[in-house]
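This report refers to the structure that appears directly beneath it.
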Protein chains: 2
Amino acid sequence: MRQHEALALERAVDILSCLAHPVRLAVVARLERDGAATVSTLCQELDVEQSAMSHHLRHLRDAELVIAERRGRAMRYALADAHVGHIVRDTLAHAAEDD
Amino acid sequence: MRQHEALALERAVDILSCLAHPVRLAVVARLERDGAATVSTLCQELDVEQSAMSHHLRHLRDAELVIAERRGRAMRYALADAHVGHIVRDTLAHAAEDD
DNA sequence: TTGACATATGAACAGTACATCATATGATGT
DNA sequence: ACATCATATGATGTACTGTTCATATGTCAA
C-alpha cells in the first residue's frame, strides 16, 4: 500500500517531467485538440526542427503518453489515452485562470 | 488569443516543472491530503533534509503553488489553492491506474 | 542580550536534460 | 537497385537542476 503509493508517485513524476517542456506540452495539447498527426505536420504547426521533434516524440513514447503507427512512410502520432488529455487540459485551464 | 494561449502554455510548463520532482510532488500531495504543515513536520514525514526541503519549498512558493505563514518560529505551508490539489490528484490517479 | 530553535540562503559540485549536427533506417515510386 | 521522402538515432557541447555544506536570518524564552 505504501509501496503502491510510492510507485504511483514515481510514475506521476515521470509523466509530469515529460509534460514539463514547452514543445512536448504543446504536442500533447495539439493532439488533444485536433487529434492524431504526423511528425512533419507537428513540426510545421509548432515550428520545431524535425530532429528535435523526433527526440521529443521519443520521450513522449517512452513515457507512454503517446502512441505511433506507420502511415505509409510517415508516422502518425496520437494520445495514448484520454486521461493524458485530461491532465493537460486541467493544467492549462489552471494556468490560464489565475492571470 | 494566440498570445494568451502561449502564456498559458508557459505558465503550465512552470507548474509542471515544479511538480515534476519526487520531493515537491510528495509535499503537495501531503498538503492536499492532510492540510497545512510546518517545514520540520514535512522533513520528518517525507524523510528529507531541512535544507533540501527549504529549497524545494522555495521553488513551490516561487511557482505560487503553496503559500507560507509564520506560526511562532515555525513556518506553516499550505496549498495555494484547490486547483493545484486537483492537478496532483488527477495525475496521481492516472499514474496509479495503468499499472 | 544570549542561547537555542526553526527556517532560509548562497556557493560549489555532480548529474541530467536539451539543442544541434551528422548520419542511419525505413518506405515508396521508377 | 536507386533516388527520394519521412522519421529516427547517436554524439557532443552546453545549460539547467538538485544535493550538500556552511552560514545567515528570524523568533522565542530566560
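A quick note: this is a predicted structure, and the numbers were derived from the prediction, not measured. A note on names: the letters A, B, ... follow the listed sequences, proteins ahead of strands, and every chain is numbered from 1.
The bend of the helix from C:dT1-D:dA30 to C:dT30-D:dA1, defined by the angle between the axes of its first five and last five pairs, stands at 30° to the nearest 10°.
When rounded to the nearest whole Å, the span between CG of A:Leu19 and P of C:dA17 equals 15 Å. With rounding to whole Å, B:Asp62 atom CG is found 12 Å from C:dA8 atom P. Going from atom CE of A:Met75 over to atom C1' of C:dA27 covers 10 Å, rounded to whole Å. For the pair B:Leu25 CG and D:dT17 C1', the computed distance is 17 Å after rounding to whole Å. Between the CE atom of A:Met53 and the C1' atom of D:dA6 there is a distance of 14 Å, given to the nearest Å. Atom CG of A:Leu60 and atom P of D:dT9 are 14 Å apart (whole Å). Atom CG of B:Leu57 and atom P of C:dT9 are 11 Å apart (whole Å). Atom CZ in B:Arg61 sits about 7 Å away from atom P in C:dT9, given to the nearest Å.
Residue B:Ala8 comes nearest to A:Leu92 through the heavy atom pair O-CD2, 3.9 Å, listed as atom of the first residue, atom of the second, then distance. Contact between B:Ala74 and B:Thr38 at its shortest, heavy atoms only, is CB-CG2, 4.0 Å.
Residue-level contact check: A:Arg24 touches the backbone only, with heavy atoms under 4.0 Å from sugar-phosphate atoms and none from bases. B:Thr38 comes within 4.0 angstrom of sugar-phosphate atoms only, judged by non-hydrogen atoms across all strands, and of no base.
At D:dT7, one or more side-chain N or O atoms of A:Ser40 fall inside 4.0 Å of OP1 or OP2 (strictly under the cut-off). Note on A:His56: a side-chain N or O is less than 4.0 Å away from OP1 or OP2 of C:dA19. OP1 or OP2 of D:dA6 has not a single side-chain nitrogen or oxygen of A:Tyr77 nearer than 4.0 Å.
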Query raised in the report: So B:Arg70 and B:Met75, side chain to side chain contact (heavy atoms under 4.5 Å, CB included) or not? Walk me through it.
Result: CA-CA 5 Å; B:Arg70 273 223 169 266; B:Met75 280 289 190; 3.7 Å; yes
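Of the possible polar contacts, one joining the B:Arg30 side chain to the B:Gly35 backbone as a donor-acceptor pair under 3.5 Å is found. B:Ser54 contributes no side-chain N or O that, together with a main-chain N or O of B:Gln50, makes up a donor-acceptor pair within less than 3.5 Å. Distance alone, capped at 3.5 Å, places no donor-acceptor pair between the B:Asp90 side chain and the B:Ala93 backbone.
Here the side chain of A:Val39 is nearest to one of D:dT7, C:dC18, C:dA8, namely D:dT7. The side chain of A:Arg73 sits closest to C:dT28 out of C:dT28, C:dA8, D:dT19.
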Check residues 15-27 of chain B and write down every donor-acceptor pair under 3.5 Å in which the side-chain atom is one partner and the other belongs to a residue at least two apart or another chain.
residue	atom	partner	partner atom	Å
B:Ser17	OG	B:Val13	O	2.6
B:His21	ND1	B:Val23	N	3.0
B:Arg24	NE	B:Cys18	O	2.6
B:Arg24	NH1	B:His56	ND1	3.1
B:Arg24	NH1	B:His59	ND1	3.1
B:Arg24	NH2	B:Ser17	O	3.4

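Judged by distance alone with a 3.5 Å cut-off, no donor-acceptor contact links the side chain of A:Gln50 to the base of D:dA6.
Side-chain contact between A:Leu46 and A:Met53 is present, with heavy atoms from C-beta onward closer than 4.5 Å.
Position along DNA chain C of the nearest nucleotide to A:Arg70 versus A:His21 favours A:His21 as the more 5'-ward residue.
From A:Leu42, atom CG reaches atom CG of A:Asp47 across 12.5 Å, with rounding to the nearest 0.5 Å. A distance of 10.5 Å separates OG1 of B:Thr91 from CZ of A:Arg11, quoted to the nearest 0.5 Å.
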For nucleotides 10-12 of chain C, give me every protein contact, N/O to N/O, under 3.5 Å, one pair per line with atom names.
residue	atom	partner	partner atom	Å
C:dG10	O6	B:His55	NE2	2.8

